[in-house]
Amino acid sequence: MTIEQKIQYLTKKLNNPKARYTDEELSWLINHIGDPDAKIRDELVCNTFGSGFFEEKFTREQVRFLFENVQKRNLLFYNISKNIS
């Protein structure tokens, strides 16, 4: 699957309130938290995590996996000190 196909596929899931995510998809999203492309970073990754938590699209195990990875990789503060122009 190309990156464009992956983005389209995940965008469809984002817009589906009954969607569920695989562990592989969550890993892909985590790996793109700091993506330089705002369409991926802001529109897809951020919105997917928001809707995933609020609409309960993640399993308990996936939430644990996300929490552990965000903590272990310090992703909450990823590039926080970089200047934004």
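Nothing fancy with the numbering, it's 1 onward along the sequence.
- Checking side-chain atoms of Gln5 against main-chain N and O of Thr2 turns up a donor-acceptor pair under 3.5 Å.
- No option in Phe53, Tyr9, Phe58 other than Phe58 meets the ring pair (Phe, Tyr, Trp, His ring centres under 6.0 Å) test with Tyr21.
- Counting only distance, with no hydrogens or angles, the side chain of Gln62 and the backbone of Thr59 share a donor-acceptor pair below 3.5 Å.
- Looking only at distances, a side-chain donor or acceptor of Lys57 sits under 3.5 Å from a matching main-chain atom of Leu14.
- Taken from CG in Leu29 to CZ in Phe49, the straight-line distance is 5.0 Å, to the nearest 0.5 Å.
- A 4.5 Å side-chain heavy-atom check between Trp28 and Ile3 finds at least one atom pair inside the cut-off.
- In this structure, Leu10 CG and Ile40 CD1 are separated by 10.0 Å, a value rounded to the nearest 0.5 Å.
- Shown here are the side chain to side chain contact (heavy atoms under 4.5 Å, CB included) partners of Glu24, two or more places apart in sequence or in another chain: Lys6, Thr22.
- If you run side chain to side chain contact (heavy atoms under 4.5 Å, CB included) between Val45 and each of Asp37, Ile33, Ile30, Asn31, only Ile33 comes through.
- Thr48 places none of its side-chain heavy atoms less than 4.5 Å from the side chain of Lys13.
- Rounded to the nearest 0.5 Å, atoms CG (Leu44) and OG1 (Thr11) are 4.5 Å apart.
- Taking the salt bridge (Lys or Arg N to Asp or Glu O under 4.0 Å) definition, one finds that Glu43 meets it with nothing, sequence neighbours left out.
- Within 6.0 Å of CD in Glu55 there are more than 12 heavy atoms belonging to other residues, nucleotides or ligands.
- Checked by atom type and distance alone, the side chain of Asn16 never pairs as donor or acceptor with a backbone atom of Lys12 at under 3.5 Å.
- Judged by distance alone, with hydrogens and angles left aside, the side-chain atoms of Arg41 form no donor-acceptor pair with the main-chain N or O of Gly34 at under 3.5 Å.
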